[in-house]
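For reference, the structure is listed below as structure tokens.
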Amino acid sequence: MPYSTKQQQAILTCLETRRDQPVSAADLAAELRRSGRPVGLATVYRQLEKLETAGYVHKVNTEEGAYYQYCSHPDGDRQQDCLLLKCERCGRIIHLDCTHLQPLYEHLQREHHFTVNHRRTLFSGLCASCAEKEGPDGGQ
């Protein structure tokens with residue numbers, strides 16, 4: 001990350017330690033306060049916005065409000081295609097790097113004149129663990 005403040009680094013570290021859990025800005029502020037690194041809520045929102053723009057964080061808008069999740073890329077390319085998978089049963093959100101969706105994005109652009117924001121794409125379904133619990137017929 002090019003330039004970062006202590007507050008921004010504390011927020012990013014907090015998100016990184018909870019990489020498989022989306023967290024609200026209020027929860028982040030409370031966790032930082034508990035760990036002895038108090039950061040005001042307005043500052044948390046401001047820093048999350050910067051981290052999202054830089055590609056370090058995914059913002060997930062839900063009915064309950066906005067949640068943020070660390071975005072990791074093994075090769076450090078923060079602009080590559082990635083998306084989030086949300087389990088409808090357990091609520092887990094999985095960060096996924098997958099180039100197989102690129103043909104779909106290109107089709108939507110070419111044929112339907114719609115550009116997908118892959119940084120905010122969220123697919124809903126069942127994670128492997130929940131699908132296994134439902135059995136082979138999907139619980140029907």
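Taking CD1 of I94 as the start and NZ of K86 as the end, the distance is 12.0 Å to the nearest 0.5 Å. L85 contributes atom CG, which lies 10.5 Å from atom OG1 of T121 (distance to the nearest 0.5 angstrom). From Y45, atom OH reaches atom CG of L28 across 10.0 Å, with rounding to the nearest 0.5 Å. Within the model, atoms CG of N61 and CG of L122 stand 9.5 Å from one another, a figure rounded to the nearest 0.5 Å. The CZ atom of R34 lies 8.0 Å from the CG atom of D27; values are rounded to the nearest 0.5 Å. Rounded to the nearest 0.5 angstrom, Q69 CD and K59 NZ are separated by 15.0 Å.
Taking all atoms of both residues into account, the shortest heavy-atom contact from L126 to C87 is CA-SG, 3.9 Å. Between Y67 and P22, the shortest heavy-atom contact is CB-CB, 3.8 Å. When all heavy atoms of H95 and L84 are compared, the closest pair comes out as CA-CD2, 3.7 Å. Looking at every heavy atom in both residues, Y70 comes nearest to L15 through CB-O, 3.6 Å. Of all heavy-atom pairs spanning C71 and G55, the tightest one is CB-O, 3.7 Å.
Residues that satisfy the side-chain hydrogen bond (donor to acceptor under 3.5 Å, both in side chains) test with H112, not counting sequence neighbours, are H107. In this structure, R46 has no salt bridge (charged side-chain N to carboxylate O under 4.0 Å, His left out) partners at least two apart in sequence or on a different chain. For the ring pair (Phe, Tyr, Trp, His ring centres under 6.0 Å) test, no residue two or more places apart in sequence or in another chain qualifies with H113. Judged as a side-chain hydrogen bond (donor to acceptor under 3.5 Å, both in side chains), and not counting sequence neighbours, the contacts of E16 are R19. The side-chain hydrogen bond (donor to acceptor under 3.5 Å, both in side chains) search around E64 returns T62, not counting sequence neighbours. For the salt bridge (charged side-chain N to carboxylate O under 4.0 Å, His left out) test, residues two or more places apart in sequence or in another chain that qualify with R18 are E31.
In terms of hydrophobic clustering, with Ile, Leu, Val, Met, Phe, Trp and Tyr side chains grouped at heavy-atom distances under 4.5 Å, L32 and L41 are assigned to a common cluster. No continuous path of ILVMFWY side-chain contacts below 4.5 Å connects I93 to V57, so the two sit in separate hydrophobic clusters. V23 and V44 fall within a single hydrophobic cluster, where Ile, Leu, Val, Met, Phe, Trp and Tyr are joined by side-chain heavy atoms under 4.5 Å apart, directly or via other members.
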Derivation and outcome, side chain to side chain contact (heavy atoms under 4.5 Å, CB included), residues S129 and C90
CA-CA 9 Å; S129 177; C90 69; over 6 Å; no

